[in-house]
Participant: 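Below is the structure I would like to discuss, written out as structure tokens.
Counting starts at 1 for both ligands and their atoms, in listed order. These numbers come from a predicted model, not from an experiment.
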Amino acid sequence: MLVRSPHAHARIRIIDSTKAHASPGVVAVFTGADMAADKVGPMAPFWAIQSADGKPMAEPPRWALARGTVRHVGEAIAAVIAETRAQAQDAADLLEIDYVPLPAITDGRAAMENDAPQLHDSAPANVCFRYARGDEAAVRKAFASAAHVVRLDLANNRLIGAAIEPRAVLADGGEPKLTLYCSTQVPHHIRRAVGEQLGLPQSAIRLVAPDVGGGFGYKGKHYPEEAIVAWAARRLRRPVKWVSTRSECFVADYQGRGHQTRAELALDAEGHFLALSVDTVANIGAYVSTFGAGIPSAIYSALLAGVYRTPAILVRSTGVFTNTAPTDAYRGAGRPEACLVLERLADAAARLLGLDRAEIRRRNLVPTEAMPYKTPIGPVYDCGNFPKILSRLLEVADYKGFAKRQAAAAKTRRPRGFGLACYVESSGVAPSRMAASLGARVGFFEAAQIRVQQDGSVQALLGTHNHGQGHATTFAQIIASRLGVPMASVEIIEGDTDQVPYGSGTFGSRSIAVGGSALDHAARKIIEKGKTIAAHLLEASVGDIGFADGLFAVAGTDRRVTFREVARVAHHPTSYPPDLELGLQDSAVYDPPSFAWSNGAHACELEVDRDTGEIRILGYFGVDDVGTVINPMIVEGQIQGGIAQGLGQALLEHCAYDPGNGQLLSGSFMDYAVPRAEDMPAIVSELEESEPCTHNPLGAKGCGEAGSIGAPTAIVNAVLDALLPYGVTDLEMPLTSERIWRALQAAAKS
Ligand code: MCN
């Protein structure tokens, strides 16, 4: 059991564990001093950002158990290890910690002010990094000559991951090899992180990540508990486990989003976008977490061209320390934030110019003929038909008929609104060299191994991790279609560093585009070797052997041999090429040359009760391009899941801290509302498959985050559309009934 700070900011004067030690069943009580004595290293981020002036980001040390100062409520201070959880809890209550409370700050912008409490000596004004990307001179010039400028101040609400299943870690304490069971999405990354902290070779750690429940990105990062449990188990030479309580999930899991943004769009008289300037303050919490610096800078900024042809773009993003839990990737990770900025601006611009919202978008979309399209902010989109997607969405959602529906509703107390959101997503994370040049300290390639057994059944091992995405089905489909074997004879193995050669794990909607591509390459190697064996069996030359539907055949003849027979002789060489290695297994590593640019357009039609502020979603529509679809049912489920989380962000979820003292106000499901079944509308979802990814062998683009990107903005734009006649022009997520009701009251008075 971990004893956590009740203060948002405090100096720890004394920790007296005498009574706790003496409590029944207690095995050990450890503090940061014990870990320091064993020279356990800090929690090192895996992404380091450079500021615009070339300086490295501030990287203050973060310790698994606090050393001297705590900087957010829930920071771990001591580990109490006992025979039972109840005994550990009793002992933890006896731990005496003398704190000197310090002033706390929770707001990103306020944290940069002169009189704000300072969190780290190495981060003056609480600034971790001042990142900038784009062409400032071009943007200035375009703004100076623009016919129109729209300006918005936007907040992107901080979220909590809230998987049903809390995190858990179990270490066996084994010597010389440590086995760590861990609810992580990224087994090899965690093995490396723990190894580096504990000074252990990676080969001395086996990391097993079985079923971990929901992950949503936040379980894909390195946590203090992994280091604490591994270290304690080795020190005690016995197994140690930790299972997060539901309350701990709220204070000790990484949180998501938390942006404050000023965004400006310059337009010509016809509504063409000329330039975009975005200035974001990202509240990264008390410490830089694993990818915490990369998400609001490199990842977010790359998305700010969106689906539009804006010639000049400048993005500034300042990462700021506050006395809150660290933030990191949460489903969407930088993309929903970019979508909100662009699509709110598009609506505001349409309003200013008196243009139809679909029309202003149409005028600015990157045309298909422009593909491959190099955005002014860096990325190159290899393909995509954004105009086709938008027009199909408008058809599916019957946008034409909306004006009539809206006019009818205007006569009631329940006005209607229609909201649009177009997006691009950098799925298939990530081209390793590109990521390294942007500050990543890990490669993001993927490895796959295929082992064909004597009976032709197949085991495939991948470094990705399945926690609800259906990998056992879709990866088996890939093997079955490539090797012509029944799906039932394919076993997919993930989540064990002793079995799987290497991998980056599952996040960034990467498993199909990167892991699936590695699998495809490994399957090709198996087929090539199979051809050599088949040529020998069929007494033909290798060049004449073709392979299809599980049969190796001599071209132009009916001489053939099955995949199963080839597998058998590879293990039992009754007749076999003399110089060929026995067995039928091979591996491949795949590093994508670029991101896979998933894209889509979402729309929402809803009504707002003017008397209560309650929203009723009447229709939700999505047209998504995820390239070639391997399994439509799984993709649909993934998109629906993403929409559910996007709806949660738009309407219900808000991670709130008390600005006065840094206490978490939304620290339970009584205060933090996640969507329930009754909140979910029926979703009409279509997949557009005409634009396969051009640079991976499957043509697939990721789909795991798509829904979470478009949904928040489509819903917000719909509510603002409904409320425009009543003077409400801005609302911050979540759009609770109370917030809407208050906005209506305020607008009525002004
Ligand atoms: N797929 C397909 N055809 C495509 C694209 C994908 O059939 N063109 C299939 C894939 O084979 C895979 C699934 O769809 O089975 C999702 O693939 P992909 O988009 O590559 O995403 P990942 O598997 O890498 O999953 C990560 C993504 C992320 S980043 C978050 S966060 C997320 C998500 O997936 N968290 C989830 N979906 C989740 N679903 C569940 N149930 N739980 C989570 O924690």
Side-chain angles (χ1 to χ4, degrees), residues 159 161-165 167 183-186 209 211-221 253-254 256-257 291 295 299 328-336 425-430 444 446 448 460 462-479 481 492 494-495 503-520 590 592 595-600 624-646 687-689 691-693 696-709:
L159 302 175
I164 292 170
E165 307 81 1
R167 288 185 295 118
S183 57
T184 183
Q185 307 170 210
V186 291
D211 293 334
V212 307
F216 310 124
Y218 79 90
K219 281 190 193 159
K221 310 295 165 305
D253 290 350
Y254 298 139
R257 322 259 199 268
F291 292 137
I295 305 297
I299 300 283
D328 210 306
Y330 168 70
R331 201 169 193 170
R335 290 83 142 215
E425 177 194 353
S426 47
S427 78
V429 172
F444 290 111
E446 203 47 74
L462 289 106
T464 46
H465 186 275
N466 180 45
H467 42 281
Q469 294 89 347
H471 293 179
T473 305
T474 48
F475 290 158
Q477 273 180 260
I478 292 172
I479 301 260
S481 69
I492 302 296
E494 299 176 311
S504 300
T506 282
F507 55 91
S509 300
R510 66 185 301 279
S511 301
I512 195 66
V514 191
S517 297
L519 194 59
D520 180 84
Y590 181 79
F595 291 101
W597 295 101
S598 314
N599 61 87
D624 296 276
D625 166 5
V626 299
T628 306
V629 174
I630 309 299
N631 186 313
M633 269 166 72
I634 284 181
V635 170
E636 194 186 335
Q638 285 293 305
I639 288 177
Q640 287 201 3
I643 291 170
Q645 285 183 289
L687 299 173
E688 173 57 53
E689 278 197 84
E691 298 284 325
C693 176
N696 73 42
L698 303 172
K701 310 171 187 177
C703 69
E705 293 162 286
S708 68
I709 301 171

Participant: What residue and heavy atom of the protein are closest to atom 11 (O) of ligand 1, and at what distance?
Facilitator: Thr474 OG1, 2.8 Å
Participant: Counting distance only, does the side-chain N/O of Glu165 pair as donor-acceptor with the main-chain N or O of Val212 below 3.5 Å?
Facilitator: no
Participant: Heavy atoms only, cut-off 4.0 Å: how does Ile634 contact ligand 1, side chain, backbone, both, or neither?
Facilitator: side chain
Participant: With a 3.5 Å distance limit and no angle check, can you tell me whether Lys219 reaches the backbone of Arg167 through a side-chain donor-acceptor pair?
Facilitator: no
Participant: Please confirm whether the backbone N or O of Ala596 pairs with a side-chain atom of Ser427, one donor and one acceptor, at under 3.5 Å?
Facilitator: yes
Participant: Between Tyr330 and Phe216, what is the ring plane arrangement, given parallel below 30°, perpendicular above 60°, and tilted in between?
Facilitator: perpendicular
Participant: Out of Glu705, Glu636, Gln638, who gets a non-hydrogen atom closest to atom 39 (N) of ligand 1?
Facilitator: Gln638
Participant: Hey, does Cys703 come in under 3.5 Å of ligand 1, counting only N/O atoms on both sides?
Facilitator: yes
Participant: Could you check whether any side-chain N or O of Arg335 sits under 3.5 Å from a backbone N or O of Ile299, counting only pairs where one atom can act as donor and the other as acceptor?
Facilitator: no
Participant: Minimum distance, heavy atoms only, to atom 40 (C) of ligand 1: which one of Lys219, Arg331, His465, His467 is it?
Facilitator: His467
Participant: So between Gln185, Gln645, Lys701, whose heavy atom ends up nearest atom 5 (C) of ligand 1?
Facilitator: Lys701
Participant: In terms of residue, atom name and distance, what is the protein heavy atom nearest to atom 43 (C) of ligand 1?
Facilitator: Phe216 CE2, 3.3 Å
Participant: Evaluating non-hydrogen atoms only, which member of Ser511, Gly214, Ser427 is closest to atom 24 (O) of ligand 1?
Facilitator: Ser511
Participant: Compute the minimum heavy-atom distance from Gly627 to ligand 1 and say whether it is under 4.0 Å.
Facilitator: no
Participant: Ligand 1 and Gly213, any nitrogen or oxygen pair closer than 3.5 angstrom?
Facilitator: no
Participant: Return the closest protein heavy atom for atom 27 (C) of ligand 1 as residue, atom name and distance.
Facilitator: Gly704 CA, 3.8 Å
Participant: For Thr464 and Glu494, which I'm curious about, is there any donor-acceptor pair between the side chains at under 3.5 Å?
Facilitator: yes
Participant: Which of the atoms of ligand 1 are close to Gly470, meaning less than 4.0 Å from one of its heavy atoms?
Facilitator: 15 (O)
Participant: To which of Glu165, Gln469, His471 does the heavy atom nearest atom 38 (C) of ligand 1 belong?
Facilitator: Gln469
Participant: Answer yes or no: is there a donor N or O on one side and an acceptor on the other, between the side chain of Asp624 and the main chain of Val626, under 3.5 Å?
Facilitator: no
Participant: Ligand 1 versus Phe507, non-hydrogen atoms closer than 4.0 Å: side chain, backbone, both, neither?
Facilitator: backbone
Participant: Can you tell which of Ile630, Ile512, Thr628 gets a heavy atom nearest to atom 8 (N) of ligand 1?
Facilitator: Thr628
Participant: What protein heavy atom sits nearest atom 1 (N) of ligand 1, and how far off is it?
Facilitator: Val635 CG2, 3.6 Å
Participant: Hey, is ligand 1 close enough to Ala700 that some N/O pair sits below 3.5 Å?
Facilitator: no
Participant: When you measure from atom 21 (O) of ligand 1 to every protein heavy atom, which one gives the shortest distance, and what is it?
Facilitator: Ser509 CA, 3.5 Å
Participant: Taking 4.0 angstrom as the limit and counting only heavy atoms of Gly217, give me the atoms of ligand 1 inside it, by number and element.
Facilitator: 31 (S)
Participant: Whether the side chain of Arg510 engages the backbone of Phe444 through a donor-acceptor N/O pair (distance < 3.5 Å, no angle test) should be reported.
Facilitator: yes
Participant: Quick one: does Ser598's side chain have a donor or acceptor within less than 3.5 Å of a partner on Gly702's backbone?
Facilitator: yes
Participant: In terms of residue, atom name and distance, what is the protein heavy atom nearest to atom 7 (O) of ligand 1?
Facilitator: Asn631 N, 2.9 Å
Participant: Is it the case that the side chain of Gln185 and the backbone of His465 share a donor-acceptor pair, with hydrogens and angles ignored and the cut-off at 3.5 Å?
Facilitator: no
Participant: Quick check: closest heavy atoms across Ala518 and Glu446, and the distance to 0.1 Å?
Facilitator: CB-O, 3.7 Å
Participant: If you count the atoms of ligand 1 from 1 in the order shown, which ones are under 4.0 Å from a heavy atom of Gly215?
Facilitator: 43 (C), 44 (O)
Participant: Can you confirm whether Asn466 sits close enough to Thr506 that some side-chain heavy atom of one is under 4.5 Å from a side-chain heavy atom of the other?
Facilitator: no
